[in-house]
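Note on naming: letters A, B, ... go to the chains in the order of the sequence lines (proteins, then strands), and numbering restarts at 1 for each one. Here the structure is a predicted model, which means the values were calculated and not measured.
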Amino acid sequence: MRFIDSLRGGIEKLISDKNAFIIGEDIQEPYGGAFKVTKGLSAKYPDNFIATPMTEQAFTGMGIGMALEGAWVTVEIMFGDFITLTADQMINHAAKFHDMYGEEMHFVVRTPVGAYRGYGATHSQSLESIFMGIPGMQVVATSILYEPGKLLTYAMGTGVPTLFVENKTDYGKQLLIDNDDFWNRVQLSEGFPIIRLGMSDRKPDFSIVTYGGMVSIAMEAAKQLLYEEEIETEIIIPSLVSDTMHINDYISADKVIVLEEGVSEFGWGAEIGYNALSSGRGCKRIGARKSYIPAGKVAEAMVLPCVEDIAECMIEGFR
Amino acid sequence: MKDYAGIYRECYRIRCFEKKVEQGFSKGLMRGTTHGCIGQEVIPVIAMREINREIDRAVGTHRCHGQVLAYEPDTYRLACEMMGKRDGFVKGMGGSQHIKTGGYLTNGVTGGMAVIGCGMAMAMQKKKSGGLVLAFIGDGGFNEGYVQESLNLASVYSVPIIYICENNRYAMSTPTTQYSAGDFERRVRALDIHYIQSTTRNVDEMIDAFKSGFRFVREQSRPCFIEVMTARLCGHSKSDEMKYMSEAEIRDNQTKDPLKWLEGLISDTDRDDIRTEIEKEIDDAFRRAEECDEYGLERK
Ligand SMILES: Cc1ncc(C[n+]2csc(CCOP(=O)(O)OP(=O)(O)O)c2C)c(N)n1
Ligand SMILES: [Mg+2]
C-alpha cells in the first residue's frame with residue numbers, strides 16, 4: 001500500500017466513523033489538496049469538508065472551536081512552513097484549553113513538511129520541533145514504517161491537540177509494514193508506535209534514532225555501511241516525537257546517532273541525545289545546517305542531512 | 001417596562017466586585033494583573049440576558065470579570081479564581097483572564113477567541129442545534145488579524161455569531177481613533193455583516209439594539225456585529241494611571257456613567273436595598289475566598 005492511500009483511508013474512516021470535519025485550503029474537488037491527500041473525498045462527503053480562504057490562523061482556530069463543541073476535526077495546512085501561522089492557536093489556545101481547562105479535543109493539524117525537492121526557503125522546512133516542548137499538545141510524525149491512516153485515527157482519538165507531520169517525499173512511497181528481505185521490522189510499543197528496524201539478533205554497533213522522511217536515508221546509510229564496513233545498525237523510529245523521555249529505553253546499541261531533517265541546533269536531537277548521554281551511551285546528532293533551505297540543488301543538498309553524513313559519523317564520529 | 005432594577009443589581013454586583021479587586025491588589029491578596037470593567041458592566045449584563053444557556057456559547061476577552069459574572073453570578077468562585085484558590089472557576093489555575101464556566105470561556109490573547117467563537121458557531125450550524133455564539137471583542141482587538149479573518153469566515157459560512165465590540169476608544173494607552181483606519185461600521189458592512197451601533201450612554205436603546213441583534217442572528221443564521229460605544233472608568237489594568245486621557249474626557253465619562261443613569265430609573269429604596277444586599281454578598285464572597293485553600297498541581 002502507498003503512504004498516501006493509507007492516509008486518505010484514515011481520513012475517510014474518521015469521516016464515516018466519527019463524522020469528522022476536514023478543514024483547509026484547496027482540499028475540495030477538483031483539487032483535493034496541494035498533495036492530493038483528500039482527492040475524491042469531498043465529492044463523497046460534501047458536508048464534512050470545509051474549504052477555506054487563506055486564513056490559517058483563523059481556520060485553525062475555527063477547527064479548535066468546533067472541537068470544543070465535540071466535533072472531530074482535522075485541519076490541513078498546505079505547507080509545514082505555514083504552521084507558524086497556527087502557532088498562537090495551537091500554543092495559546094488549544095494547548096491551554098486542554099491543559100488548563102481540561103478540555104478533551106479531537107483536533108489534529110496535518111501538514112506536509114520536508115525538503116529535497118527544490119521548493120526553497122519557505123516551502124521546505126521541518127519546523128515541528130518548535131512545538132515539541134509545548135505542554136498541552138503533542139507532535140506526531142508519520143513514516144513509511146507504519147500506516148499513516150492508522151496513526152492519524154489513533155492521534156485523533158487521544159483527545160490531545162496534535163500537530164501531525166507528514167513528509168512530502170513519503171506520499172508516493174510504498175509502506176514498509178512487513179519484514180522485507182533485509183529488514184526485521186518490530187513494533188516496540190502499543191499506542192503511538194515505536195518501530196525498530198533491525199538487521200539481526202545481535203547487539204548492533206549503532207542505533208540511529210530518527211523519524212519522518214529521514215527514515216529512508218537512515219535505511220540506505222545502514223545498508224551501505226553493513227556492506228562496506230560490516231557495521232550493524234538498528235533504526236528506532238518513534239511516532240509521538242514530542243515524547244522523548246522513553247525512547248532511550250528502546251535503544252540497544254552503545255553508540256547512538258540522532259538524525260532529524262530540521263535544523264540540528266536546538267532541535268529534537270538534543271533531547272534524545274541528552275537522554276542517551278545521561279544513560280552512559282555515546283551520542284552524535286545529524287540534522288540540517290543552520291541555514292535557510294536554498295532552492296538550488298547542490299546548495300540544498302549541502303544544507304540537508306544525507307547518507308554520507310551518517311557514514312562519516314559512524315566511521316569517524318565516535319573516535 | 002424594562003427590568004431596570006434587575007439590570008442595576010447585576011451591574012452593581014460587577015462594579016462592587018471590581019472595586020474589591022482593586023483593593024485586593026493593594027492588600028496583596030492577588031497576584032498578576034487584572035482588567036477592570038468599571039463603566040462597561042452594562043454591556044455583558046444586557047448581552048447575557050439574551051443568551052440561552054442550554055444551546056448558546058459565549059467567548060470573551062481579557063476584560064472578562066463582567067462577562068463571567070453576567071454569565072454566572074458567582075462572586076465567590078470568581079474571587080477564588082482571582083486569588084488562586086481551589087474553589088475558583090478554573091481551580092485558581094487560570095487567574096483573572098483565563099476562565100471557563102459552563103458555555104463561557106475566555107483567554108488572554110486579544111482577538112484569539114473571535115476565531116474560536118466562529119468555530120463553535122460552525123459546529124452549531126453543522127449540528128443544527130439552533131444555538132448561537134456571543135463573541136466579545138475590544139476596539140483594539142478589532143484590528144487583530146484574528147478578528148478580521150473571523151469576520152470574513154463568519155460571513156462566508158453564514159454562521160450564527162454575534163460580535164459585541166466594546167469600543168472604549170482605547171487599547172491600553174493607544175487611542176483607537178488615531179490608530180485605526182476608516183471606521184468599524186464601513187469595514188464590517190463591507191463584509192456583508194449586519195452592523196448595529198449602540199452606546200452605554202443610552203441603556204434603554206442599547207437593550208433594544210441588543211435584542212434586535214440577537215433576533216437577527218437567530219432568525220437569519222447570519223453574523224451580526226454590534227459596536228457599543230462606551231468608556232472605561234478605571235485604568236486599563238491594575239497599575240494604570242490613565243495619563244493618556246485628558247481630565248475633561250475622564251470627567252465627561254464619569255458624568256455619563258451608565259450606573260448613575262440606571263439609578264435614576266429606580267426608586268431610592270430599591271437602589272439602597274440592592275446596594276446593601278450586593279455589598280454584603282461581595283464582602284462575604286471575598287472573606288470566604290480568603291479562607292479557601294490553594295491547589296498545587298495535584299488537581300489533575
Ligand atoms: C495578542 C495580544 N497583544 C497584546 C496584548 C496585551 N494587551 C492586553 S489588553 C490590550 C489592549 C486591548 O484593547 P481593546 O481590545 O480595545 O480592549 P480593552 O482593553 O479596551 O477592553 C493589550 C495591548 C494581548 N493580551 N494580546
Ligand atoms: Mg478598548
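When side chains are defined from C-beta on, I116(B) counts as touching Q89(A), because their heavy atoms get closer than 4.5 Å. Put simply, the side chain of P53(A) reaches to within 4.5 Å of the side chain of L153(B), judged on heavy atoms. Side-chain atoms of L68(A) and L105(B), non-hydrogen and from C-beta on, do get closer than 4.5 Å to each other. Residues M100(A) and K100(B) fail the side-chain proximity criterion, which asks for heavy atoms closer than 4.5 Å.
No donor-acceptor distance shorter than 3.5 angstrom exists from the side chain of N92(A) to the backbone of V109(B), with no hydrogens or angles considered. Between the side chain of Y101(A) and the backbone N or O of V90(B) there is no donor-acceptor pair closer than 3.5 Å.
Proximity to chain B is absent for every atom of T60(A), based on heavy atoms less than 4.5 angstrom apart. With a 4.5 angstrom heavy-atom cutoff, Y157(B) touches chain A only via side-chain atoms. Contacts of E103(A) with chain B are made by side-chain atoms alone, with heavy-atom separations under 4.5 Å and no backbone atom involved.
Between atom CE of residue M113(B) and atom NE2 of residue H93(A) there is a gap of 6.0 Å, rounded to the nearest 0.5 Å. If you take CG on N152(B) and CE on M54(A), they are separated by 11.0 Å, rounding to the nearest 0.5 Å.
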Trace of the side-chain contact (heavy atoms from CB on, under 4.5 Å) decision for Q57(A) with E149(B): CA-CA 8 Å; Q57(A) 67 167 0; E149(B) 292 184 13; 3.5 Å; yes

Test side-chain contact (heavy atoms from CB on, under 4.5 Å) applied to M120(B) and M62(A), step by step: CA-CA 7 Å; M120(B) 292 172 146; M62(A) 183 171 78; over 6 Å; no

N107(B) vs F97(A), side-chain contact (heavy atoms from CB on, under 4.5 Å): CA-CA, chis, key distance, verdict: CA-CA 9 Å; N107(B) 201 13; F97(A) 299 160; 4.0 Å; yes

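At a heavy-atom separation below 4.5 angstrom, chain A is approached by M122(B), A123(B), M124(B), K126(B), K127(B) within residues 121-140 of chain B. Taking 4.5 Å as the heavy-atom cut-off, the residues of residues 8-45 of chain A that approach chain B are F21(A), ordered by number. Using a 4.5 Å cut-off between non-hydrogen atoms, no part of residues 121-142 of chain A approaches chain B.
In terms of the side chain to side chain donor-acceptor pair (under 3.5 Å) criterion, E104(A) has no residue partners (sequence neighbours excluded).
The environment of CZ in R189(B) is crowded: more than 12 heavy-atom neighbours from other residues, nucleotides or ligands sit within 6.0 Å.
The greatest number of non-hydrogen atom pairs below 4.5 Å with chain A, out of G111(B), S150(B), G119(B), is found for G119(B). When each of C118(B), G112(B), G117(B) is checked for heavy-atom pairs under 4.5 Å with chain A, G112(B) comes out on top.
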